[in-house]
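Okay, so here's the structure we're looking at.
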Amino acid sequence: EVQLVESGGGVVQPGGSLTLSCVASGFAFSAYDMSWEREALGKRSEFISAISGSTSYADAVKGRFTISRDNVKNAVYLQMNSLKPEDTAVYYCKAALVQINYWGQGTQVTVSS
């Protein structure tokens, strides 16, 4: 059974930091491109960051977020610094290989004073 389980979300004040984790099982993790997306209330899903042989970031998070992966632990991480209220959303990790896509259940991040 394919599983992607996110954790690490929570409530943080503006300017704070959080690290999200996504642990995968049930597929050949190292072969997949991994990414993070987010969906804010009432808005469309938004690409945040991806990692394969290289990394990429949305302009909205560049310089503040860092993606990494550990192919031994089958995990991908998103270090989020200098958080802003507009970063509030449900964050999902995604695994992609050609036309195969898997998503986790999401973890809520709320940035509020």
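Side chains are part of it too, since the values below use all heavy atoms of this structure and drop only hydrogens, waters and symmetry mates. One is the number of the first residue; the rest follow in order along the sequence.
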All ring pair (Phe, Tyr, Trp, His ring centres under 6.0 Å) counterparts of Tyr32, not counting sequence neighbours: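 Testing Tyr32 for ring pair (Phe, Tyr, Trp, His ring centres under 6.0 Å), a comparison that skips the adjacent residues, returns Phe27, Tyr102.
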Closest heavy-atom pair and its distance - [X], [Y]:
X      : Y      : result
Gly106 : Glu6   : N-OE1, 2.9 Å
Phe47  : Ser35  : CE1-CB, 4.4 Å
Asn101 : Ala96  : OD1-CB, 3.3 Å
Pro14  : Ser113 : CD-N, 3.7 Å
Ala75  : Tyr77  : CB-OH, 3.4 Å
Thr110 : Gln108 : OG1-NE2, 3.3 Å

Going by side-chain contact (heavy atoms from CB on, under 4.5 Å), Met34 matches just one of Asn74, Val76, Leu78. Which one?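 Exactly one pass, corresponding to Val76.
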Could you name each residue pair satisfying disulfide (SG to SG under 2.5 Å) that touches residues 33-84, not counting sequence neighbours?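 Sorted result for residues 33-84: empty, none.
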I need the full list of disulfide (SG to SG under 2.5 Å) pairs touching residues 36-113, with sequence neighbours left out, sorted by first then second residue.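 Qualifying pairs, neighbours excluded: Cys22-Cys93.
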Cluster overlap [X] with [Y], hydrophobic side-chain contacts below 4.5 Å:
X     : Y      : value
Trp36 : Ile100 : yes
Leu20 : Val12  : yes
Val11 : Phe65  : no
Val5  : Trp103 : no

Are the side chains of [X] and [Y] in touch, meaning some heavy atoms are under 4.5 Å apart?
X     : Y     : result
Met80 : Asp87 : no
Glu46 : Val61 : no
Tyr57 : Arg64 : no

Mind checking what makes salt bridge (charged side-chain N to carboxylate O under 4.0 Å, His left out) contact with [X], not counting sequence neighbours?
X     : answer
Glu37 : Lys94
Glu39 : none
Lys62 : Asp59

Measuring from [X]:[atom1] to [Y]:[atom2], what's the distance to the nearest 0.5 Å?
X     : Y     : atom1 : atom2 : value
Ser17 : Leu83 : OG    : CG    : 6.0 Å
Ile51 : Asp33 : CD1   : CG    : 10.0 Å
Arg69 : Ser52 : CZ    : OG    : 7.5 Å

Sidechain-backbone polar pair: Ser56 side chain, Ser49 backbone, donor-acceptor under 3.5 Å: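 Flag not set: sc Ser56 to bb Ser49 has no pair under 3.5 Å.
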Test item: Thr88 side-chain N/O and Val111 main-chain N/O as donor-acceptor pair under 3.5 Å: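 Flag set: sc Thr88 to bb Val111 pair under 3.5 Å.
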Tell me yes or no: between the side chains of Thr19 and Gln79, is some donor less than 3.5 Å from an acceptor?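 Gln79 and Thr19 do have a side-chain donor-acceptor pair below 3.5 Å.
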State whether the number of non-hydrogen atoms from other residues, nucleotides or ligands found under 6.0 Å of Leu41 atom CG is greater than 12.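 No, the 6.0 Å shell around CG holds no more than 12 heavy atoms from other groups.
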